[in-house]
Amino acid sequence: MGIAIYPGSFDPVTLGHLDIIERAAKVFDKLIVCVMHNSNKAPMFSPEERCTQIEVCTAHLNNVSVQMHGGLLAAYAEQQQADTIIKGLRAVSDFEYEFQMALANRKLNPKVETVFLTTSAEFMYLSSSVVKDIAAHGGDISGFVPECIKKDVVNRMNGRTG
Ligand code: COA
């Protein structure tokens, strides 16, 4: 099925993201998970840190690579010769925003199609902000983020690095 890009801010990557990555990796020959900039957000982790976190928790997937890009998604897709942009849909409330982004990206790069994967039911409520909020209040984020990055998130919320 060619090359697909799964873009996001991934601040941090969650089990919901990992679910989409694992399922997309079965469908496409090559999946590039791309850490990108969302101009509406001030991330907690640097792009490099987010890439490392995703690399660690996708190490078992041979056709998945992780990159970062600070520019437009449509231009990045062209540069990577990707056919498809993958986005996860959690609820109807995601639809309007995702629809707008998909149309804008297609206008900018008519060669790329956006394909939506519906999230698995157990991750419907999940977002990176929910994870940060739970960790900030001392809650247990097991079951929300991959085990290998749990310590990173807890430490950062407690003002520690590494
Ligand atoms: N499981 C769990 N959480 C999920 C999820 C899933 N399957 N899918 C989405 N989410 C969460 C994300 O963690 C995020 O949570 P947050 O708001 O608390 O950070 C939220 O849902 C929204 O996700 P998404 O819509 O994918 O936003 P994003 O910030 O992760 O990614 C970019 C947006 C980076 C892809 C977009 O801003 C972009 O393309 N930027 C590049 C510049 C560009 O081209 N702009 C023009 C676009 S038309």
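Computed from a prediction, not measured in an experiment: that's the story for all the values here. When a residue number appears, it is its place in the shown sequence, counting from 1. In each ligand, atom 1 is the first atom listed, and ligand 1 is the first ligand listed.
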**Side chain proximity check, Ile32 to Tyr6, heavy atoms < 4.5 angstrom** =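 No, side chains not in contact.
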
Those atoms of ligand 1 less than 4.0 Å from some heavy atom in [X]:
X: Leu126; answer: 2 (C), 3 (N), 4 (C)
X: Ala104; answer: 48 (S)
X: Asn38; answer: 28 (P), 29 (O), 33 (C), 37 (O)
X: Glu98; answer: 25 (O)
X: Met101; answer: 36 (C), 47 (C), 48 (S)
X: Ile20; answer: 7 (N)
X: Asn105; answer: 48 (S)

**Item:** Lys150 versus Ser142, side-chain donor and acceptor atoms under 3.5 Å
**Value:**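 Yes.
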
Can you check which of [options] brings a heavy atom nearest to [atom]?
atom: atom 11 (C) of ligand 1; options: Lys87, Lys41, Arg90; answer: Arg90
atom: atom 40 (N) of ligand 1; options: Met36, His37, Met44; answer: His37
atom: atom 46 (C) of ligand 1; options: Leu18, Leu73, Asn40, Leu72; answer: Leu72

**Item:** Contact bool for atom 23 (O) of ligand 1 (protein heavy atom, d < 4.0 Å)
**Value:**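 So atom 23 (O) of ligand 1 lacks protein heavy-atom neighbours under 4.0 Å.
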
Please work out, at 4.0 Å between heavy atoms, whether the side chain, the backbone, both, or neither of [X] comes within that distance of ligand 1.
X: Ser127; value: both
X: Thr14; value: side chain
X: Lys132; value: neither

For [atom], what is the nearest protein heavy atom, given as residue, atom name and distance?
atom: atom 18 (O) of ligand 1; result: Ser129 OG, 2.3 Å
atom: atom 13 (O) of ligand 1; result: Ser128 OG, 2.8 Å
atom: atom 42 (C) of ligand 1; result: Gly71 O, 3.6 Å
atom: atom 6 (C) of ligand 1; result: Gly16 C, 3.7 Å
atom: atom 12 (C) of ligand 1; result: His17 NE2, 3.6 Å
atom: atom 30 (O) of ligand 1; result: Ser9 N, 2.9 Å

**Prompt:** According to the interplanar angle, ranging from 0 to 90°, do the rings of Phe116 and Phe95 count as parallel (below 30°), tilted (30 to 60°) or perpendicular (above 60°)?
**Reply:**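 The arrangement is tilted - the two ring planes meet at 30° to 60°.
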
**Message:** With a 6.0 Å cut-off (strictly less than), is the heavy-atom count around OH of Tyr125, excluding the residue itself, greater than 12?
**Reply:**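 For Tyr125, atom OH is crowded (more than 12 foreign heavy atoms under 6.0 Å).
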
**Message:** Please check if the number of heavy atoms outside Gln100 that lie under 6.0 Å from its CD is greater than 12.
**Reply:**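 No, CD of Gln100 has 12 or fewer neighbouring heavy atoms, counting only those of other groups under 6.0 Å.
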
If you round to the nearest 0.5 Å, how far is [atom2] of [Y] from [atom1] of [X]?
X: Ile85; Y: Glu113; atom1: CD1; atom2: CD; answer: 9.5 Å
X: Asn105; Y: Leu73; atom1: CG; atom2: CG; answer: 4.5 Å
X: Ile86; Y: Leu117; atom1: CD1; atom2: CG; answer: 5.0 Å

**Prompt:** Taking only residues at least two apart or on different chains, which pairs with a member in residues 59-72 satisfy side-chain hydrogen bond (donor to acceptor under 3.5 Å, both in side chains)?
**Reply:**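 Found Glu22-His60, Gln67-Tyr76.
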
**Asn155, Val154, Val153 screened by side-chain contact (heavy atoms from CB on, under 4.5 Å) with Lys151, the one that passes** =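 Among the candidates, only Asn155 passes.
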
**Worked check of side chain to side chain contact (heavy atoms under 4.5 Å, CB included) between His137 and Asp133** = CA-CA 6 Å; His137 292 91; Asp133 201 34; 3.1 Å; yes

**Prompt:** Closest approach of Met1 and Asp83, non-hydrogen atoms and distance?
**Reply:**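 So the two residues come closest at O-OD2, 3.9 Å.
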
**Message:** Against ligand 1, does Tyr97 come closer than 4.0 Å with any heavy atom?
**Reply:**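 It does; at least one heavy atom falls under 4.0 Å.
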
Side-chain donor-acceptor distances from residues 9-21 under 3.5 Å, at least two apart:
{"from": "Asp11", "atom 1": "OD1", "to": "Met44", "atom 2": "N", "distance (Å)": "3.2"}
{"from": "Asp11", "atom 1": "OD1", "to": "Phe45", "atom 2": "N", "distance (Å)": "2.8"}
{"from": "Asp11", "atom 1": "OD2", "to": "Met44", "atom 2": "N", "distance (Å)": "2.6"}
{"from": "Asp11", "atom 1": "OD2", "to": "Lys132", "atom 2": "NZ", "distance (Å)": "2.8"}
{"from": "Thr14", "atom 1": "OG1", "to": "Gly16", "atom 2": "N", "distance (Å)": "3.1"}
{"from": "Thr14", "atom 1": "OG1", "to": "His17", "atom 2": "N", "distance (Å)": "3.2"}
{"from": "Thr14", "atom 1": "OG1", "to": "His17", "atom 2": "ND1", "distance (Å)": "3.3"}
{"from": "His17", "atom 1": "ND1", "to": "Thr14", "atom 2": "N", "distance (Å)": "3.0"}
{"from": "Asp19", "atom 1": "OD1", "to": "Ser120", "atom 2": "OG", "distance (Å)": "3.0"}
{"from": "Asp19", "atom 1": "OD2", "to": "Arg23", "atom 2": "NH1", "distance (Å)": "3.0"}
{"from": "Asp19", "atom 1": "OD2", "to": "Ser120", "atom 2": "N", "distance (Å)": "3.3"}
{"from": "Asp19", "atom 1": "OD2", "to": "Ser120", "atom 2": "OG", "distance (Å)": "2.9"}

